[in-house]
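Just so we're on the same page: letters track the sequence lines, and every chain starts at 1. Atoms considered below: every heavy atom in the structure, side chains included; atoms not considered: hydrogens, waters and symmetry mates.
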Protein chains: 2
Amino acid sequence: MPKRIGLPADLVRNLVAARHARQWSQRDLAERAGLPQAHISAIETGKVAPRFDTLIDLARVLGFDLLLVPRALVPAVQSLIRDSRRSGDGEADEGERPLYADEP
Amino acid sequence: MPKRIGLPADLVRNLVAARHARQWSQRDLAERAGLPQAHISAIETGKVAPRFDTLIDLARVLGFDLLLVPRALVPAVQSLIRDSRRSGDGEADEGERPLYADEP
DNA sequence: GGAATTGATCTAATAAAGCATATCAACCCG
DNA sequence: CGGGTTGATATGCTTTATTAGATCAATTCC
């Protein structure tokens with residue numbers, strides 16, 4: 001067990017998954033988010049607890065947002081996300097990439 | 001315009017609103033979250049960009065969670081929260097207080 | 001084999017959060 | 001008026017994120 005002082009494991013997993021889905025290396029992400037690659041690595045391996053605004057930057061370039069949701073609604077929101085991942089591809093909602101794409 | 005270096009304004013508004021809904025003073029919240037009152041004030045006035053884990057602590061004692069949601073789904077999630085605020089009071093979901101209560 | 005990429009690690013320095021504590025103006029209430 | 005509460009602010013100090021830069025093992029590709 002490596003020592004985790006940083007973000008919750010599942011949150012990190014989602015971030016890493018999103019990065020992989022875009023086929024970005026840590027250096028790619030670092031450049032777009034304006035952070036050093038070493039810092040990305042530290043965050044993804046749970047060695048630091050980043051500032052909230054740092055995390056916002058990361059999430060933003062990956063097409064995410066950080067939302068404050070009432071605990072009672074968490075399951076609902078999670079399944080909403082899960083569902084949209086399954087079938088909701090042809091959204092053309094904003095100027096953002098589909099995400100969740102495994103194969104291009 | 002005071003200088004905001006901290007959290008997004010709407011997120012702060014939600015935190016403050018939640019605290020007010022519970023009728024908690026900054027000192028009440030500080031005690032429960034294990035933070036100094038001065039720090040709560042600094043966060044709520046946007047003078048600091050708290051660490052992620054600090055924000056998690058705050059959100060937790062206020063009955064919230066921080067979720068990473070795809071940008072395309074943000075409006076849906078927000079309206080989901082808004083709707084449940086209107087009619088969804090008698091949930092008795094978990095061991096948590098109803099929240100969003102204006103008058104006791 | 002050699003070049004290039006990827007992710008982790010190190011050093012060293014700076015900036016900023018975090019903590020403890022105290023103070024202060026504004027307010028309400030008896 | 002005097003006392004209590006609330007939120008903002010100040011100081012001094014410790015801890016930690018953040019940065020720039022380089023390096024390194026493992027992997028992939030030619």
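When all heavy atoms of A:Val61 and A:Arg32 are compared, the closest pair comes out as CG1-O, 3.7 Å. B:Ile43 approaches B:Pro50 most closely through the heavy-atom pair CD1-CB, 4.0 Å. Annotation for A:Arg71 and B:Phe64: closest pair NH2-O, 3.6 Å, computed over non-hydrogen atoms.
Applying the side chain to side chain contact (heavy atoms under 4.5 Å, CB included) test to B:Asp65 and every residue at least two apart in sequence or in another chain returns A:Val74, B:Leu67. Partners of B:Asp28 under the salt bridge (Lys or Arg N to Asp or Glu O under 4.0 Å) rule, at least two apart in sequence or in another chain, do not exist in this structure. Listed by chain and residue number, A:Arg19, A:Gln26 satisfy the side-chain hydrogen bond (donor to acceptor under 3.5 Å, both in side chains) test with A:Glu44 (two or more places apart in sequence, or in another chain). With sequence neighbours left out, B:Asp57 forms a side chain to side chain contact (heavy atoms under 4.5 Å, CB included) with B:Arg60.
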*asked:* Return a single string for nucleotides 2-20 of chain C, one symbol per nucleotide in 5' to 3' order, where B is base contact, S is sugar-phosphate-only contact and - is none, cutoff 4.0 angstrom on heavy atoms.
replied: ----BBBBB-----SSSS-

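A rotation axis mapping the C1' atoms of four pairs onto the next four is fitted at both ends of the helix from C:dG1-D:dC30 to C:dG30-D:dC1 over five pairs, and the angle between these axes is 40° to 10 degrees.
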